[in-house]
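Structure, as structure tokens:
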Amino acid sequence: MAVTDNTPDLAAGDGPRIVPAHSIRRRARLEQAIYGATTLGITIASHQPDWWPAHLAAAGIAYGSFSWLWKKWDREEDSPHRFSFLQAAQRAFPFLTGAGVYLTDLLHTGTTWWEYALPAAWGLLMGTTTPVTHSLNLHPAAVLPATDTPALETATQPAQPRTYAEYRAWEWATARATGTTQLTNITRYQDNAPDFWGIVIAPVGETVPDLNPTTLAGVFDLPVGTVSLHLIDGSGPGRKLLTARPTLDTAAQAQQDPVHRLFNEKLTRPNGGAAGMLLADYRIEPNRIALRVTAPDNQMIQLNQKQIARALDYKDPSLVMVETDGLGDGLISIYETHPLLNVREATLEDLTMAADGTIALGQQPDGRIGRIPLYDPQMGAITDLFVGAPGAGKSVTLLHVIAAERISGVVSIVADAQDGMSLPEVDGRVFHFGKGIAATAATLAAANDLGKYREQISAENGWGSFDIGNPWPLVNVTLDELNRILSADAVVPRPFRKWVTGLVGDTQSTGRKLGLGIRFAAQSIHLADLGDKDRIRANAKNGTVWLGRTNSSTTQHMARDGVLPPGVELAPIPRYFGTGDGSTIDAAFEGKEAKHGPITAGMANIINGGSLYVNRTWYARKENKTYPHLIDLMESASIPRLTPQEDIIFTASYERWLAFAEALLAGEGEDEGISNAVTAEEAARKANPVWPDDDENDDQPPTGSIKDRILDALTEGPLALRDVRKRLHDVAPGSVNNAMTELHHEGHVRPVSRGVYELNR
């Protein structure tokens, strides 16, 4: 017999149907009762010439039965696994013969004894043979004898097998895991080989159990993975197709191409990183093998980067990259050398904003360009978050973004809390550059006043959105090293940090519709330090989270908390590109110094709109402690500026709030600092009066972080947690609870009684 790889196409009607014996008897008795009633009807109705409805019904039954039988004959060759013609004829036999007896009596004009004997003989014959019940191929299930004492043997052992099919059925019947199911219709793929297929049938009302590959292989003592169960099209879970292909699958694997063999032998096995997944397609490139992977039906995609690297015997896991859609599709990229080891310099075209508001910031591992938005034409101005440890490439990435803003006509308002040392290239090359902690706060306050001016003009004109250049340009505010002000260990007075936190929250809440974007950059910062972290999360999903190498997993978690979709994990960015030869462990074992590859500066996980990809910023060559190529790119276009009226407002507001910030920082005590700051701000405002000059705008938003507001509330004495939530009515109750718990763990508050807290003085 020739070898075949085709699995038989089975329908639900093949094979015997296992039902209880009493069900078969009930069907036969019902059929016999129907024949008795029909015999009486034929005897009476056929002798009434005027009963036309009965005559027409008999003719219709005869015609319908013959037509149905003819169709079965016509489709027999095309449907070998449906009812056989003999089964169909067996079912049609009572209807055709009954109609024949009826018409014979009706058409015979005389009245003789055989006209009454013929229907009776027909009814006796049909009741004795019950052809319809027999055509259903019903087999009685085995019934154990009733006894008061449980028997040690739960089922009668099958007879000793004599053929190959009986032997395989016996193996299935005697296995414990198969329960009461039966293996039928056993067919070999080829002679003298153990490969076969069969139908597993469960008793009526039960289902065939889902057995794992190890259990299935154990039933027949075949290799794991060569025996499988599948649902049958058109059938329920009570019937399944079993295939055992120990030799055919081995032959097929030997004929597979190397990529399929690699996937099947290395990755789909247990602990291979892609266990149970399917290879849909693949591509081979000079430095990359891309595997398109899908999950089986009703399963979620599961790909583990480290396990895949281990299965492939890769010493450097960064050479294996995994992407998934979180549902059923995934991509495994296997590289010979790291694809981002060398990237080119940025061009003018890269940093020119496209119609969709994006620029090309760098390169992804698969060669695609990594794009981030400067502006969202549908949503408006955006909120960005850039986090990276020293040496991660955060400053160079910010320089590319700021250069792109100048090239694209976006007004850049920049502040660097590290006295301008992080971004010295932008000094004198953007509309505004504030250097130092006080200048950073004043820059943010002036940008907030600029937003209030635009908000007022928009309200007067009935504008509900922003259009670039009509009448104002797009403005993006970049605040670098913001952790020097807002982080928990920042050495600034508490009122100063509280003031800046309120500015952050107020600016990001109104800037989207006013063409005023904001970009936070820090070495390590928690979303909660930026005010309302729920608002930051929502805004960051419209903008960009650039997450470079961090010094701890805690920092990484804080920056992506609530921004990354559930079920999607980040691959940490290492400090150096791996050499791929396991030299670190070898060096530790031999007591030698490990060799490192080049530093991974510019590498980052970019989260944009809920999606995640790995990117490396364009290469920047450093000379004399600056980046001449980036400077040339910035100076290739004129500096975008605010409108004349906005320029006046921003400049005066900056001077006003710089005096306020410097005085607030210089105050030895909280009360003294606030008093001196208010006095300095009033003097600056009177020396240069300009909008806004009404009393209600004398103070910037004192909102502060949730923790600061809780501490302020507790200065009056112990409060119940529910009362604290009432005072912070604009904050979600869950956020208040979490902040109180963190304050307790940090030692700032202590519980007095159940649900009541006070300051831990």
Side-chain angles (χ1 to χ4, degrees), residues 212-214 224-225 253 256 258-285 287-340 364-366 547-550 552-557 559-561 563-582 584-585 600 603-607 610-616:
N212 60 52
T214 302
V224 176
Q253 291 176 6
Q256 284 181 340
V259 175
H260 276 86
R261 189 163 59 250
L262 172 72
F263 185 82
N264 293 329
E265 294 179 357
K266 296 287 188 179
L267 305 185
T268 59
R269 60 180 176 82
N271 298 324
M277 301 297 107
L278 307 175
L279 180 60
D281 198 3
Y282 70 89
R283 292 179 59 185
I284 299 180
E285 300 172 357
N287 188 43
R288 173 185 179 232
I289 299 177
L291 307 176
R292 179 71 181 271
V293 182
T294 61
D297 293 341
N298 302 322
Q299 293 188 30
M300 304 295 288
I301 190 74
Q302 296 290 339
L303 300 176
N304 187 296
Q305 178 191 14
K306 291 185 177 180
Q307 286 186 344
I308 293 173
R310 184 70 183 92
L312 297 175
D313 199 24
Y314 264 46
K315 302 297 184 182
D316 183 4
S318 65
L319 295 178
V320 177
M321 299 184 185
V322 171
E323 298 179 54
T324 73
D325 63 355
L327 296 174
D329 290 327
L331 180 68
I332 302 173
S333 296
I334 305 169
Y335 295 94
E336 183 178 3
T337 59
H338 204 290
L340 298 180
Q364 299 184 52
D366 57 7
L547 187 56
R549 179 179 57 82
T550 57
S552 69
S553 59
T554 302
T555 299
Q556 185 184 81
H557 172 74
R560 66 179 175 86
D561 182 28
V563 178
L564 198 63
V568 179
E569 292 297 327
L570 291 177
I573 304 298
R575 181 175 180 82
Y576 301 100
F577 286 105
T579 58
D581 56 2
T584 303
I585 300 300
T600 58
M603 282 273 292
N605 287 296
I606 294 183
I607 309 169
S611 63
L612 168 70
Y613 64 91
V614 178
N615 184 80
R616 191 178 190 193

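Because the structure is a prediction, the values reported are computed rather than measured.
Pairing each heavy atom of T600 with each of R616, the nearest pair is C-NH2, 4.3 Å. Nearest heavy atom pair, residue L312 against residue I334, reads CD1-CD1, 3.5 Å. Between T324 and L303, the shortest heavy-atom distance links the atoms CG2-CD1, 4.0 Å. Of all heavy-atom pairs between A275 and R269, the closest is CB-O, 3.6 Å. When every heavy atom of P365 is checked against every heavy atom of P339, the shortest pair comes out as O-CB, 3.2 Å.
Y613 pairs by the ring pair (Phe, Tyr, Trp, His ring centres under 6.0 Å) definition with nothing, not counting sequence neighbours.
At least one side-chain heavy atom of Y335 sits under 4.5 Å from a side-chain heavy atom of D366. With contacts defined as side-chain heavy-atom distances shorter than 4.5 Å, the pair N605/V614 qualifies. When side chains are defined from C-beta on, M321 does not count as touching L331, because their heavy atoms never get closer than 4.5 Å. Using a 4.5 Å heavy-atom threshold, the side chains of N264 and L279 count as separate.
We find the CG-CG distance between L267 and N304 to be 11.5 Å, quoted to the nearest 0.5 Å. Between the CD1 atom in I308 and the OH atom in Y314 there is a gap of 12.0 Å [rounded to 0.5 Å]. For the atom pair CG (L291) and NE2 (H260), the distance works out to 9.5 Å, reported to the nearest 0.5 Å. Within the model, atoms CG of D325 and CE of M300 stand 8.0 Å from one another, a figure rounded to the nearest 0.5 Å. Taken to the nearest 0.5 Å, the OG1 atom of T294 stands 12.5 Å off from the CG atom of L327. In this structure, M603 CE and R549 CZ are separated by 11.5 Å, a value rounded to the nearest 0.5 Å.
Within 6.0 Å of atom CD in Q299, more than 12 heavy atoms from other residues, nucleotides or ligands are found, so the atom counts as buried in its surroundings. Shown here is R310, whose CZ atom has no more than 12 heavy atoms of other residues, nucleotides or ligands within 6.0 Å.
Between the N271 side chain and the Q307 main chain, no donor and acceptor come within less than 3.5 Å of each other.
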